[in-house]
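The structure under discussion appears below in the form of structure tokens.
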Amino acid sequence: MTKNCDYHEDEHRQLIRRIFAGILSFIILILLIVFLVWIILRPTKPRFILQDATVFAFNLSSTGETPSSTMPTPNTLTLTIQVTLSSFNPNSKIGIYYHKLDAYASYRGQQISLATELPQTYQGHRDVAVWSPILYGVAVPVSPYLSEILRQDQTSGGVMVNIKVNGRVKWKVGTWVSGRYHIDVNCPAFIRVAGNKGDDGFGVSGPAVKFQFLQSCVVDV
């Protein structure tokens with residue numbers, strides 16, 4: 001009885017080892033196939049271009065004093081800008097899904113507009129996608145440091161605003177779709193502004209002003 005029990009236990013252990021080895025070999029094979037497909041196809045990140053920007057308003061408030069206090073009121077920035085962004089998929093065998101893309105304007109690292117959600121898009125092989133979001137911010141508080149830099153930029157004739165896009169992308173090869181990857185896009189845009197002498201505020205208002213850029217953007221995936 002003891003020999004038979006030992007024999008069955010050894011046989012059971014060997015069966016478990018074979019099953020474990022088979023599962024491990026299958027996982028390694030799948031990972032190897034995915035790795036080889038990835039190396040052969042070599043997915044390339046999309047190329048973004050800022051085509052133009054139409055500025056409806058870009059105004060920095062003047063600094064003043066409240067009637068009941070000698071403390072200056074906070075400077076605020078109000079802007080409305082419509083931008084045209086295009087994306088080119090350079091891959092000949094890989095499609096790109098864009099998920100939860102948000103576009104906003106930034107100045108010197110400070111977000112100065114609300115985030116505008118872009119529609120989800122599938123971009124085929126060597127295809128082009130175009131978005132035209134409107135970015136706006138109403139009375140966005142601006143620190144005294146940035147206010148001073150804005151006024152210095154005014155003397156040079158313009159302000160460097162960064163149009164940014166954040167979101168997720170997926171790669172599609174045949175019927176296989178990858179997991180989500182984070183994408184960051186940064187597009188510099190030089191916007192000309194004007195100020196009035198004797199006024200601490202400045203900006204663009206009234207008729208819309210359109211700026212043509214065709215500016216390449218920095219893309220990180």
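Residue numbers start at 1 and run along the sequence shown.
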Quiz item: Apart from Val140 itself, which Ile, Leu, Val, Met, Phe, Trp or Tyr residues share its cluster (side-chain heavy atoms under 4.5 Å, direct or through members)?
Solution: none

Practice problem: Quick one: name the residues clustered hydrophobically with Ile134, using the 4.5 Å side-chain heavy-atom rule over I, L, V, M, F, W, Y, and just say none if it's on its own. | Solution: none

Minimum-distance pair of heavy atoms, taken over all atoms of [X] and [Y]:
{"X": "Val161", "Y": "Ala105", "result": "CG1-CB, 4.0 Å"}
{"X": "Ala189", "Y": "Phe213", "result": "CB-CZ, 3.8 Å"}
{"X": "Ala139", "Y": "Thr78", "result": "N-OG1, 3.0 Å"}
{"X": "Tyr181", "Y": "Gly179", "result": "CD1-O, 3.3 Å"}
{"X": "Asn162", "Y": "Pro188", "result": "ND2-CA, 3.9 Å"}
{"X": "Ala103", "Y": "Val165", "result": "CB-CG2, 4.1 Å"}

Rounded to the nearest 0.5 Å, how far does [atom2] of [Y] lie from [atom1] of [X]?
{"X": "Arg47", "Y": "Ser216", "atom1": "CZ", "atom2": "OG", "answer": "9.5 Å"}
{"X": "Ile191", "Y": "Tyr107", "atom1": "CD1", "atom2": "OH", "answer": "11.0 Å"}
{"X": "Asn89", "Y": "His125", "atom1": "CG", "atom2": "NE2", "answer": "7.5 Å"}
{"X": "Leu150", "Y": "Gln152", "atom1": "CG", "atom2": "CD", "answer": "9.5 Å"}
{"X": "Ile81", "Y": "Lys210", "atom1": "CD1", "atom2": "NZ", "answer": "14.0 Å"}
{"X": "Thr116", "Y": "Leu135", "atom1": "OG1", "atom2": "CG", "answer": "5.0 Å"}

Can you list everything that forms a side-chain hydrogen bond (donor to acceptor under 3.5 Å, both in side chains) with [X]? Sequence neighbours excluded, please.
{"X": "Tyr98", "result": "Ser87, Gln123"}
{"X": "Arg168", "result": "His182"}
{"X": "Thr121", "result": "Trp131"}
{"X": "His99", "result": "Gln120"}

Practice problem: Please tell me if the side chains of Ile183 and Lys45 come closer than 4.5 Å, counting only heavy atoms from C-beta onward. | Solution: no

Quiz item: Does the side chain of Pro46 come within less than 4.5 Å of Phe48's, by heavy atoms?
Solution: yes

Practice problem: In sequence, state the C-alpha distance, the side-chain angles, and the governing distance for Asn166 and Tyr104, and then conclude on side-chain contact (heavy atoms from CB on, under 4.5 Å). | Solution: CA-CA 9 Å; Asn166 294 327; Tyr104 63 92; 3.4 Å; yes

For residues 50-58, which side-chain donor-acceptor pairs fall under 3.5 Å, sequence neighbours excluded?
from	atom 1	to	atom 2	distance (Å)
Gln51	NE2	Ser86	OG	3.2
Asp52	OD1	Thr84	OG1	2.9

Self-check item: Where at least one partner belongs to residues 92-191, residue pairs that pass disulfide (SG to SG under 2.5 Å), sequence neighbours excluded
Solution: Cys187-Cys217

Cluster overlap [X] with [Y], hydrophobic side-chain contacts below 4.5 Å:
{"X": "Leu146", "Y": "Leu79", "answer": "yes"}
{"X": "Val185", "Y": "Val221", "answer": "yes"}
{"X": "Val142", "Y": "Leu114", "answer": "no"}

Exercise. Please list all pairs passing the salt bridge (Lys or Arg N to Asp or Glu O under 4.0 Å) test where one or both residues lie in residues 115-139, with sequence neighbours left out.
Key: none

Quiz prompt | Qualifying salt bridge (Lys or Arg N to Asp or Glu O under 4.0 Å) pairs with a residue from residues 170-182, counting only residues at least two apart or across chains | solution = none

Exercise. Take Asn75 and Arg151, measure what side-chain contact (heavy atoms from CB on, under 4.5 Å) needs, and give me the verdict at the end.
Key: CA-CA 12 Å; Asn75 292 319; Arg151 291 187 177 88; 3.9 Å; yes

Quiz item: Who passes ring-ring contact (aromatic ring centres under 6.0 Å, His included) against Tyr97, sequence neighbours left out?
Solution: Tyr122

Practice problem: Tell me, please, which residues at least two apart from Arg108 pass salt bridge (Lys or Arg N to Asp or Glu O under 4.0 Å). | Solution: Asp153

